[in-house]
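Reviewing the structure listed below.
In listed order, ligands and their atoms are each counted from 1. In this text the structure is predicted, and so the values were computed from the model without any measurement.
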Amino acid sequence: MNVPLVDLKAQYAPLKDEILSGISKVFDSMQLFLGENVQGLEKEFAQFCGAPCGIGVSDGTNALHIILRALDIGPGDEVITVSHSFMATTEAILLTGAQPVFVDINPDTYLMDVSQIEAKITPRTKAILPVHLYGQAVDMDPLLEIASRHGLRVVEDCAQAHGAEYKGHKVGSLGDAAGFSFYFSKNLGAYGEGGFITAKDPELATKIRKIRDHGSGVRYHHDIVGLNGRLDEIQAVVLRAKLPHLASWNEKRREHAVMYNSLLEGLPLTIPVELTDNHHVYHLYVIRVSNRDQLQAYLKEQGVFTGIHYPVPIHLQQSVATLGYKNGDLPVTERVANEILSLPMYAELTDGQIGFVVETIKKFIAQKETLIPA
Ligand SMILES: *Cc1c(COP(=O)(O)O)cnc(C)c1O
């Protein structure tokens, strides 16, 4: 049996006719950018998130970058975030000219350790950028309290958490603004590039809209310096066809996580922790083992494809060496990067496939009596 990490074809099959007929209409009309489908998606996805304003953008990296620009964050400013994320989170900060400042993560959830934020605040700090990694929300109440006490903006990175909830509220509705990615493998994925911004304040949303389209509200009149961050109609067709299914796909992911949890229980590895206040949407199902690389290689030999999200912490990447971080600065982040393994996870995964993944892990453990609990 072969079990991929994600299976895009299984999701496409039942939506094929709807998507192709929508794309055909776009081609007939030749309204290719920011047309009725983007406008429709902006309403529908903002509503899904419980956010007052929604803006479709070109991708998740630009989503975060545009938000920071709209908040006037730039050279001389600092933004507090995590190193345990996809590189884009930090890139979005660096592209504004501001400095990222990293806090470590919680060793159980792998999410921002909110108790470390306050010690990192300086007169230059402008914003906090929590990442709802793997599909689970950061502990937002204490984070929002710190932000409000220090007059800081809060920008959520929701790229892995479409539909996740914190205390009954959807992510994307918790901070000043939030960036989503519709990269193909995310819980809601386009068939090309796509992203989304939710915002609380309509004035901020208007500025975000302008920055997305070269700083222009009226064509060829440029009020502020912007960029090209537009979402195209074809991607909006795909996303609108998928959006009505997102909640049920997320439920399927949650059911798969429950099954993985029960089958993996008692084995010498760490399973994901879902906090009681959270509705985790399992973008990734991440276990921890000390001999991760060996396990990953064995699973691959047996036809089970896994991932590592992410093997090198951002603060140790060559591209940001000038920030001056070194090994040992973020001990939990560094340790976790060596031990995490993402098992196959997508809505269409079958019980048989999950059983096969777990049986294969058990076979590995039986062969390697040296497997040490993480
Ligand atoms: C995917 C991702 C992004 C970037 O999104 P793109 O659409 O690929 O630009 C940002 N942050 C996190 C946590 C992500 O997983």
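- Geometric assessment of Arg253 against the ring of Tyr282 yields a negative cation-pi assignment under the 6.0 Å and 45° thresholds.
- Looking at residues two or more places apart in sequence or on another chain, you find a ring-ring contact (aromatic ring centres under 6.0 Å, His included) between Tyr12 and Tyr191.
- Under the ring-ring contact (aromatic ring centres under 6.0 Å, His included) criterion, His315 pairs with Tyr325, not counting sequence neighbours.
- In this pair, Tyr260 and Tyr285 present their aromatic rings parallel. The plane angle is below 30°, not in the 30 to 60° band.
- Within 4.0 Å of ligand 1, protein heavy atoms belong to Asp59, Gly60, Thr61, Ser85, Phe86, Ala88, Thr89, Val131, Asp157, Ala159, Gln160, Ser181, Lys186, Tyr310, listed by chain and number.
- Side-chain contact annotation: Glu78 with Thr122, donor-acceptor N/O pair under 3.5 Å present.
- Residue pairs satisfying the side chain to side chain donor-acceptor pair (under 3.5 Å) criterion with at least one member in residues 23-39, sequence neighbours excluded, are listed as follows: Asn37-Glu233, Asn37-Arg240.
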